[in-house]
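Note that the structure is predicted; figures quoted are calculated from it, not measured.
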Amino acid sequence: MTGPSFPRRSLLSAASAALATPAVAQAYPSRPVTILVPFAAGGATDVTTRVIADFASEKLGQRVLVENRPGAGGGLMTLQLARATPDGYTLGALTASPVLVRPHAVADAGYDPTRDLTFIARYLLAPQPIAVATNSPWRTYQDLIAWARANPGRLRYTAIAARGGAHVVIEMAFRQEGVRAVHVPFNSGPEAITAFRGRHIDMVAQSDYAVLFDAGEIRILAETGPERLPVAPEAPTFRELGYPVSPAIFYGIGGPANLPPAIVERWETLVREATEAQRMRDLIARLKMIPSFASGETFRADALRDFVAIGEALRQMP
């Protein structure tokens, strides 16, 4: 008598779960949604996230708020996101350094991107080109490497944060080339730009390069990511140069683990539509970044592939 009750109970549970997903989608959102941003207001992560939030507000008929939670190189917000309730009311801007690098570099990061985050959608790739002053003697990347190899320890450069994504891949490339250089860390892109303009550093690698490029102050020699830059198509990528790590520096939207699939699907569609909107395309063009939408599944696979590669690279760094 009792045996058949187990499959019946399982069937009822499955039916309830199947009915719950459309119910969640239909009721959501019933209150404002908050998207957390890991850096201060005014930067590229902040302004692009606000465009997505405004677009989503219009489509959802509910306010989508943006809250800046800077700290620990983006790790503070990413930890808060990982610990948030997975109900779709707290989402976050996912960026490369706190997702790909910090869990390897900091013992108490408190989160693991392989299990603690939901990757909803990627919407752009942020170049981090290697650039030098236009009046420098280095015309090509090979010129720079040859000089640095012949002058150990004299090349001073910045990739902004120490052990951030760009710093790791550049150090790995320099090690392969037999180059010793000095990395000078900064707290922000504007600080690095000021130092570069003052000739306190010889080379800069950062996403906020548009202001220097538009002013004609830099010559781009290479791109640390996997795609050539539209503004400097002659500059090779680190992947083309044969270096072991050439990650895509991404901007995306994510949430805590175990977000309901219907909510993930809703936001994936919103991010895709926002990325295709003219306002976002114009902004990405001004920032000289690359529109690059990817679904949650692709976003996660690409990010975690680079997460593993950077972990291996960091273990080889002193």
Can L94 and I253 be said to form a side-chain contact (heavy atoms from CB on, under 4.5 Å), step by step?
CA-CA 6 Å; L94 298 184; I253 299 295; over 6 Å; no
Take R286 and D282 through the test salt bridge (charged side-chain N to carboxylate O under 4.0 Å, His left out) and record every step on the way to the result.
CA-CA 6 Å; R286 287 199 302 275; D282 290 344; 5.5 Å; no
Is there a side-chain contact (heavy atoms from CB on, under 4.5 Å) between Y111 and V99 once you walk through the steps?
CA-CA 9 Å; Y111 60 89; V99 173; 5.8 Å; no
Could you go step by step and tell me if F55 and V271 meet the side-chain contact (heavy atoms from CB on, under 4.5 Å) rule?
CA-CA 9 Å; F55 182 90; V271 174; over 6 Å; no
Does R305 form a salt bridge (charged side-chain N to carboxylate O under 4.0 Å, His left out) with D302? I'd like the steps, not just the answer.
CA-CA 5 Å; R305 180 198 62 226; D302 289 349; 3.4 Å; yes
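Between D54 and R63, none of the side-chain N atoms (NZ, or NE/NH1/NH2) sits under 4.0 Å from a carboxylate O, so this pair counts as no salt bridge. Electrostatic pairing of R228 and E240 counts as a salt bridge here, judged by a charged N lying under 4.0 Å from a carboxylate O. Salt bridge status for R272 with E268: absent, with no side-chain N to carboxylate O gap under 4.0 Å.
Evaluation of the side-chain contact (heavy atoms from CB on, under 4.5 Å) rule for R83 yields L79 as partners, not counting sequence neighbours.
Judged by distance alone, the side chains of D112 and T114 do bring a donor and an acceptor atom under 3.5 Å apart. Counted by atom type alone, R102 and S97 present zero donor-acceptor pairs between their side chains at under 3.5 Å. With 3.5 Å as the limit, one finds a donor-acceptor pair spanning the side chains of Y89 and S30. Inspection of the R69 and Q80 side chains reveals an N or O donor paired with an N or O acceptor under 3.5 Å.
Taken together through direct or relayed side-chain contacts under 4.5 Å among Ile, Leu, Val, Met, Phe, Trp and Tyr, V51 and L270 form part of one hydrophobic cluster. Under the 4.5 Å side-chain heavy-atom criterion for grouping Ile, Leu, Val, Met, Phe, Trp and Tyr, V101 is connected to L304 within one hydrophobic cluster. Grouping the Ile, Leu, Val, Met, Phe, Trp and Tyr side chains by contacts below 4.5 angstrom, directly or via other members, places F39 apart from I249. Note on V37: it does not cluster hydrophobically with L76, by side-chain heavy-atom contacts below 4.5 Å among ILVMFWY residues. Under the 4.5 Å side-chain heavy-atom criterion for grouping Ile, Leu, Val, Met, Phe, Trp and Tyr, V66 is not connected to L287 through any hydrophobic cluster.
Across all their heavy atoms, V179 and R149 have their closest contact at CG2-N, 4.0 Å. Closest approach of M280 and T275 over heavy atoms only: CG-CA, 4.0 Å. Across all non-hydrogen atoms, the minimal contact from V64 to S57 is N-OG, 2.9 Å. Taking all atoms of both residues into account, the shortest heavy-atom contact from G88 to I263 is CA-CG2, 4.0 Å. Between P127 and M289 the shortest heavy-atom distance is CD-CA, 3.7 Å. For the residue pair P113 and P103, the shortest heavy atom distance occurs at CD-CG, 3.7 Å.
Between Y28 and D87 the shortest side-chain heavy-atom distance does not fall below 4.5 Å. Contact annotation: the side chain of I130 never approaches that of I220 to less than 4.5 Å [non-hydrogen atoms, C-beta and beyond]. No side-chain heavy atom of Y209 sits under 4.5 Å from any side-chain heavy atom of D214. Proximity of L117 to R300: side-chain heavy atoms (C-beta onward) are nowhere separated by under 4.5 Å. Using a 4.5 Å heavy-atom threshold, the side chains of L283 and T48 count as touching. The side-chain heavy atoms of Y251 and T45, taken from C-beta on, include a pair separated by under 4.5 Å. In this structure the side chain of P129 reaches within 4.5 angstrom of the side chain of L229, judged on heavy atoms. T224 has its side chain within reach of I170: a pair of non-hydrogen atoms, C-beta onward, lies under 4.5 Å apart.
Within 6.0 Å of CG on N151 lie more than 12 heavy atoms contributed by other residues, nucleotides or ligands. Within a 6.0 Å radius of CD in E297, other residues, nucleotides and ligands contribute 12 heavy atoms or fewer. Around the CD atom of E273, the shell of radius 6.0 Å holds more than 12 heavy atoms that belong to other residues, nucleotides or ligands. Within a 6.0 Å radius of CZ in R197, other residues, nucleotides and ligands contribute more than 12 heavy atoms.
D202 places a side-chain N or O within 3.5 Å of a backbone atom of R156 that can act as its donor or acceptor partner. Panel note: side chain H167, backbone H183; no donor-acceptor pair is recorded below 3.5 Å. Side-chain N or O atoms of T90 include none that pairs as donor or acceptor with a backbone N or O of P86 at under 3.5 Å. Panel note: side chain S292, backbone Y123; no donor-acceptor pair is recorded below 3.5 Å. In terms of modelled atom types and a separation under 3.5 Å, the side chain of H104 and the main chain of F307 share a donor-acceptor contact. Under the 3.5 Å distance criterion, the side-chain polar atoms of Q206 are left unmatched by any main-chain donor or acceptor of Q128.
Both the sub-6.0 Å distance and the 45° axial angle are satisfied by R199 relative to the ring of F196.
The CG atom of D143 lies 3.5 Å from the OG1 atom of T140; values are rounded to the nearest 0.5 Å. Rounding to the nearest 0.5 angstrom, the gap separating the CZ atom in R219 from the CG atom in L221 is 7.0 Å. In this structure, N68 CG and I35 CD1 are separated by 11.5 Å, a value rounded to the nearest 0.5 Å. One finds the CG atom of L91 at 11.5 Å from the CG atom of L65 (value rounded to the nearest 0.5 Å). How far CD1 of I218 is from CE of M203: 12.0 Å, rounded to the nearest 0.5 Å. Expressed to the nearest 0.5 Å, how far CG of L125 lies from CD1 of I290 amounts to 5.5 Å.
The aromatic rings of Y243 and F238 sit perpendicular, their planes meeting at an angle over 60°, well past the 30° parallel limit.
Between F174 and Y157, the ring centre distance stays below 6.0 Å.
Exactly one residue among L259, T118, L60 makes a side-chain contact (heavy atoms from CB on, under 4.5 Å) with W267. That residue is L60.
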